[in-house]
Amino acid sequence: MLSWLSSTWASSSNDCRLVNHSTKILQDPSNHPAMKCLRDLILGGGGTWPPTATYDDTWPAPLRAYDSVFRAMERFLPVEESSLDPSRNRQIIDAFRARMRQELVQRVCIPEVVQTLEEWQSQSDAQSAWLGFFTCVSFLRHAYRWGVTPIVSVAQTETSVDIPPELNVPWAAIQRRFGISSPSGCMTSICYSNLTSEDHLQYSITSGMPELHRSTEYWNTKLVTDMEVKILPVYHLFAQAIACIDMGDPDGAQKTLHLANDTLRDAMKYFFNTMVEAKISHTVWMAYVQGFQGWALESVDGISGGQSLIFRTLDSFLGVRPWPTEEKERLHIPESQRSWLNCLRNYDIRAVAKDRCYDEVTAELDDLVKQLRLWRMGHMRRMQPYESVHRPERKTMTAGISVVDASNEEQMISHLKQELGRRLAQTV
């Protein structure tokens, strides 16, 4: 894949704050359990949060074939104009899958992959390389699942897809490594770990497409990853606030949470200033980003905004219930992230502050709740023009629900409003 170094939308510098604040957390002398869980989150990201992945040149030799297969297939996935003929789309999907199976058989030696993965599992210092491999295999699985982008209704109506063994064997190892159970990729693999240290996408589904398509794909990943960079200090402040409470220092907790409110407010401004048509095209996003990131097989969805660690951290810290079930969260959320979230949920700082009559701490927590409500309202409303785009070649899909029974824009907007109402009702 081309790195598009000369493209007008690609940033030329890497945000060193990612490394700097991750290092601050790793070097924080506190032994509080919340800080330990936060450090484990950083280590689960290869030493930074959001994760720092490394790619094929850092993988064991037998695994590099997977990168080669993706490079061989990437130009065959996207089309500029979708066919509305189901028979033609069936042919396109079948031809793509047959080509990928051929590439996998020719390039991948399953016995070598099995042996390599068994040896690699025990290497704790290889997390960044594992993340990159996770990303590569995720893209291959999603490409095989859909067979063409924009995705088409013929693929959406499939009830099962026989994923090649060359993709299932490494996936089982990836599931063990990261503690996930979903057959699909997730926010960690397809977004967080796909932005390189040089600020480019390692794997793209818009190869050969016009710059509008490539920039939309880039900014979609860039936005969710940048938000984690900007919110990481808030995670640190949350852990510090809990430690202050346990040390009987409500004044320290209040000051820490006040700073968290200010930091969150600045991050929200960046989010809404970036999630605009000029950077993320409504029509291109729906066709070339959202569809590919779905899964829609065996009652399993693909990526949704609900997998964002930011939203889950805020909900968990602020006691916004109901929590997801362990089974549901384990689908897409790696173990180190779940441990961090469960640490916050188990502590329940709002309940502790209320029981101890720490009124100033409670006031700061209430301000965080208000910000979360405003963010949810703004996010859902900003998403309406994106998820209301009509695509005649496919059935309507929305984040978190792979196929929605909505045949027109009015029904789609109604669904989004219902979802907004449900989420706001939980944020109390």
Side-chain angles (χ1 to χ4, degrees), residues 73-74 76-101 138-164 167-168 171 182-187 189-191 205-206 209 213 216-217 220 281-307 328 331-332 383-416 418-419:
M73 295 301 304
E74 62 182 339
F76 297 107
L77 183 66
V79 296
E80 285 202 56
E81 291 192 19
S82 298
S83 171
L84 301 182
D85 180 356
S87 298
R88 176 59 182 150
N89 283 330
R90 183 76 270 164
Q91 292 173 355
I92 292 171
I93 293 168
D94 289 348
F96 180 89
R97 289 175 178 169
R99 186 187 292 268
M100 184 182 285
R101 286 195 301 269
S138 293
F139 270 79
L140 285 169
R141 290 175 68 87
H142 279 249
Y144 191 89
R145 188 269 173 269
W146 295 114
V148 67
T149 58
I151 67 168
V152 294
S153 59
V154 168
Q156 288 177 290
T157 56
E158 292 176 317
T159 57
S160 64
V161 174
D162 290 330
I163 304 293
L167 296 180
N168 280 333
W171 195 253
S182 174
S184 78
C186 59
M187 186 75 76
S189 63
I190 288 185
C191 289
I205 56 171
T206 57
M209 293 290 103
H213 296 62
T216 294
E217 183 189 12
N220 178 77
S281 163
H282 298 162
T283 55
V284 172
W285 179 85
M286 171 61 74
Y288 291 90
V289 177
Q290 189 250 26
F292 177 85
Q293 293 182 352
W295 190 254
L297 285 175
E298 301 174 355
S299 301
V300 174
D301 301 316
I303 293 182
S304 77
Q307 293 174 25
K328 186 172 180 62
L331 277 169
H332 299 107
M383 284 303 300
Q384 284 186 11
Y386 286 93
E387 294 192 330
S388 300
V389 171
H390 176 61
R391 295 296 307 186
E393 74 278 356
R394 60 179 271 188
K395 295 183 178 182
T396 302
M397 288 180 14
T398 185
I401 303 174
S402 287
V403 179
V404 176
D405 184 16
S407 58
N408 57 48
E409 182 177 334
E410 288 74 18
Q411 286 178 299
M412 190 67 213
I413 291 175
S414 175
H415 168 78
L416 288 169
Q418 290 175 8
E419 182 69 8

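In this text the structure is predicted, and so the values were computed from the model without any measurement.
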Distance check, rounded to the nearest 0.5 Å: [X] atom [atom1] versus [Y] atom [atom2]?
X	Y	atom1	atom2	result
N89	R394	CG	CZ	13.0 Å
S304	M187	OG	CE	6.5 Å
L140	W171	CG	CH2	10.0 Å

Here the salt bridge (Lys or Arg N to Asp or Glu O under 4.0 Å) pairs for residues 284-299, sequence neighbours left out, are none

Does the side chain of S184 come under 3.5 Å of the side chain of H332 through a donor N or O and an acceptor N or O?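 Yes, a side-chain donor-acceptor pair sits under 3.5 Å.
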
Within the distance-only criterion (no hydrogens, no angle test), does the side chain of E217 pair as donor or acceptor with the backbone N or O of I205 below 3.5 angstrom? yes

From CA spacing to verdict: side-chain contact (heavy atoms from CB on, under 4.5 Å), Q290, N220: CA-CA 10 Å; Q290 189 250 26; N220 178 77; over 6 Å; no

For R141, which residues count as a salt bridge (charged side-chain N to carboxylate O under 4.0 Å, His left out) partner, sequence neighbours excluded?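 Result, salt bridge (charged side-chain N to carboxylate O under 4.0 Å, His left out) vs R141: none returned.
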
Residues forming a salt bridge (charged side-chain N to carboxylate O under 4.0 Å, His left out) with R101, sequence neighbours excluded: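 So R101 forms no salt bridge (charged side-chain N to carboxylate O under 4.0 Å, His left out) with any residue.
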
Side-chain donor-acceptor pairs of residues 80-88 under 3.5 Å, sequence neighbours excluded:
residue : atom : partner : partner atom : Å
S83     : OG   : D85     : N            : 3.0
D85     : OD1  : S87     : N            : 3.0
R88     : NH1  : Q91     : OE1          : 3.4

CA sep, side-chain torsions, deciding dist, call: V154, I93, side-chain contact (heavy atoms from CB on, under 4.5 Å): CA-CA 9 Å; V154 168; I93 293 168; 4.3 Å; yes

Any side-chain heavy-atom pair from R145 and P183 closer than 4.5 angstrom?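 The answer is no, as the side chains (C-beta and beyond) never meet within the 4.5 Å cut-off.
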
Apply side-chain contact (heavy atoms from CB on, under 4.5 Å) to the pair V284 and V289, showing each step before the final yes or no. CA-CA 7 Å; V284 172; V289 177; 5.6 Å; no

Mind checking what makes side-chain contact (heavy atoms from CB on, under 4.5 Å) contact with A287, not counting sequence neighbours? P150, R391

For H142, enumerate each residue passing the ring pair (Phe, Tyr, Trp, His ring centres under 6.0 Å) test, keeping only those at least two apart in sequence or located in another chain. F292, W295

